[in-house]
There are 2 protein chains.
Amino acid sequence: MESSTASTKSRLSAEAARLFAQRGYHGTSIGDLAAALGIQKASVYSHIKGKEDLLAEIALAGAEAFHAALDAVPEGDPAERLRLALRAHLGVVDQQLEVATVWLNEWRYLTGPARERFLADRHHYERRIRRLFEDAVAAGALRAGLDIRHAVLAFLSIGNWAYTWMAHTIDVEREAEAFWSLLMHGVGAHPSEP
Amino acid sequence: MESSTASTKSRLSAEAARLFAQRGYHGTSIGDLAAALGIQKASVYSHIKGKEDLLAEIALAGAEAFHAALDAVPEGDPAERLRLALRAHLGVVDQQLEVATVWLNEWRYLTGPARERFLADRHHYERRIRRLFEDAVAAGALRAGLDIRHAVLAFLSIGNWAYTWMAHTIDVEREAEAFWSLLMHGVGAHPSEP
DNA sequence: CCTACCGATCGGTAGG
DNA sequence: CCTACCGATCGGTAGG
């Protein structure tokens, strides 16, 4: 019905991200995708070799988005870099919620080399976050003797679980600031702070 | 092959939790479940009316497990109750990883009244966690003026995202302590603390 | 818990 | 991007 300037292939990718995020990979049929595009089911195969191609493609787009957001964090004060990294991560979840949801949730249906590629990208991303914590501790910007493993897990837990509630959010940057403040100072009453 | 003292129905529930957690609800067929039990596909319908019954049942079991764990937290010091609540939550994820995974991830395929029931249980659980934070702030055990909304979200993010990595964990209680310490004191360097 | 069977839908292919 | 079609599998039912 509506005319579209986007190519059918790019519309297919966008619909796949949307439907995989909403109904799950196995809950979405090629027929569903075709119907969303207004074409016949068989025509979908003009653009892909198989259904898993779409999943692999979206997972790759997710990895690229998270890595690119981290790339954009400028050099400088190590604690500030971590703060911006959390903001960047939450920004991707907010701005590309469907792709992020697939990256966080549906990737597990990948098989073969695409799965290995995904895992490599994911581990690389987590190592980059870990490195930021290590640098910040080494620079004295964070608590000496910090339990880095759990600090990274807490960071990623907050950042990753966000896909479950981010749809209802208006201002991501405020959310990021609130979490950063909590992560830095904790919820406890500190005698030394106001 | 193996003799089993457990009823077929209870084995069915356990296999459903295992397979739904591993392959997803839509990625698991009634035939898969039957094969895991060593019976015919049609025989599964002696125990359930439809596939979604199994999902609803496991989701309910998840809600009961999380609520029961919270029920077991004794009255007393409000910050201590929160610490035990985090430990309880992570304990359920650790000890009932498959049920917890369905409760956290696969519930979204529920429809109708079962879905509404799930959401009510889930919101109730989150309100109970929120109440613990409110009580602790009121008692002066946490920072005055604490951003409770984000504190609850951070608590639940850490607790819920744990299903993704908990399988590789040996000692849950140590994990819980580590996260509680982080949540209380933060990662930042505090002039007033060692 | 079984055999036998149902219509619908699945991912995918052939051949334009 | 279409029509026409494939074998396999889906959730589920009938009737023991």
Base, sugar-phosphate, or nothing for B:His47, non-hydrogen atoms under 4.0 angstrom? sugar-phosphate
Within the 4.0 Å heavy-atom criterion, would you say B:Ser46 contacts the bases, only the backbone, or no part of the nucleic acid? base
Check A:Arg11 with A:Glu15, please: is the shortest side-chain N to carboxylate O separation under 4.0 Å? no
So, using side-chain contact (heavy atoms from CB on, under 4.5 Å) as the criterion, who are the partners of B:Arg83 when residues are at least two apart? B:Glu80, B:Arg87, B:Glu177, B:Trp180
Can you pull out every side-chain hydrogen bond (donor to acceptor under 3.5 Å, both in side chains) where at least one residue sits in residues 45-55 of chain B? Sequence neighbours excluded, please. B:Glu52-B:Thr111
For A:Glu98, side-chain contact (heavy atoms from CB on, under 4.5 Å) partners two or more places apart: A:Ala17, A:Arg18, A:Ala21
With sequence neighbours left out, what residues match A:Arg174 under side chain to side chain donor-acceptor pair (under 3.5 Å)? none
Among residues 16-24 of chain A, which contact DNA chain C at a heavy-atom distance under 4.0 Å? none
With sequence neighbours excluded, what pairs up with B:His67 under the ring-ring contact (aromatic ring centres under 6.0 Å, His included) test? B:His124, B:Tyr125
More than 12 heavy atoms of other residues, nucleotides or ligands under 6.0 Å from CZ of A:Arg117: yes or no? no
According to the Watson-Crick and G-U wobble definition with distances under 3.5 Å, which dot-bracket string, read 5' to 3', encodes DNA chain D, using [ ] for crossing pairs and | for pairs with another strand? ||||||||||||||||
Of the residues in residues 48-56 of chain B, which ones touch DNA chain C at a heavy-atom distance under 4.0 Å? none
Boundaries of the chain A footprint along DNA chain C (any atom under 4.0 Å from a heavy atom): C:dC10 to C:dT13
Taking for each residue the nucleotide of DNA chain C bearing the nearest heavy atom, is the 5' side occupied by A:Ala42 or by A:Asp32? A:Asp32
List the residues meeting side-chain contact (heavy atoms from CB on, under 4.5 Å) with A:His26, not counting sequence neighbours, and say none if there are none. A:Tyr109, B:His26
Assess, by modelled atom type and distance only, whether the side chains of A:Thr101 and A:Glu106 contain a donor and an acceptor separated by less than 3.5 Å. no
Between A:Leu104 and A:Trp161, is a side-chain contact (heavy atoms from CB on, under 4.5 Å) present by the stated rule, with each step listed? CA-CA 9 Å; A:Leu104 291 165; A:Trp161 189 251; over 6 Å; no
Under the salt bridge (Lys or Arg N to Asp or Glu O under 4.0 Å) rule, what pairs show up with a residue in residues 32-42 of chain A, not counting sequence neighbours? A:Arg23-A:Asp32
Contacts of A:Asp94 that satisfy salt bridge (Lys or Arg N to Asp or Glu O under 4.0 Å) - sequence neighbours left out: none
Report yes or no: does A:Arg81 contribute a side-chain atom to a donor-acceptor pair with the main-chain N or O of A:Gly76 at less than 3.5 Å? no
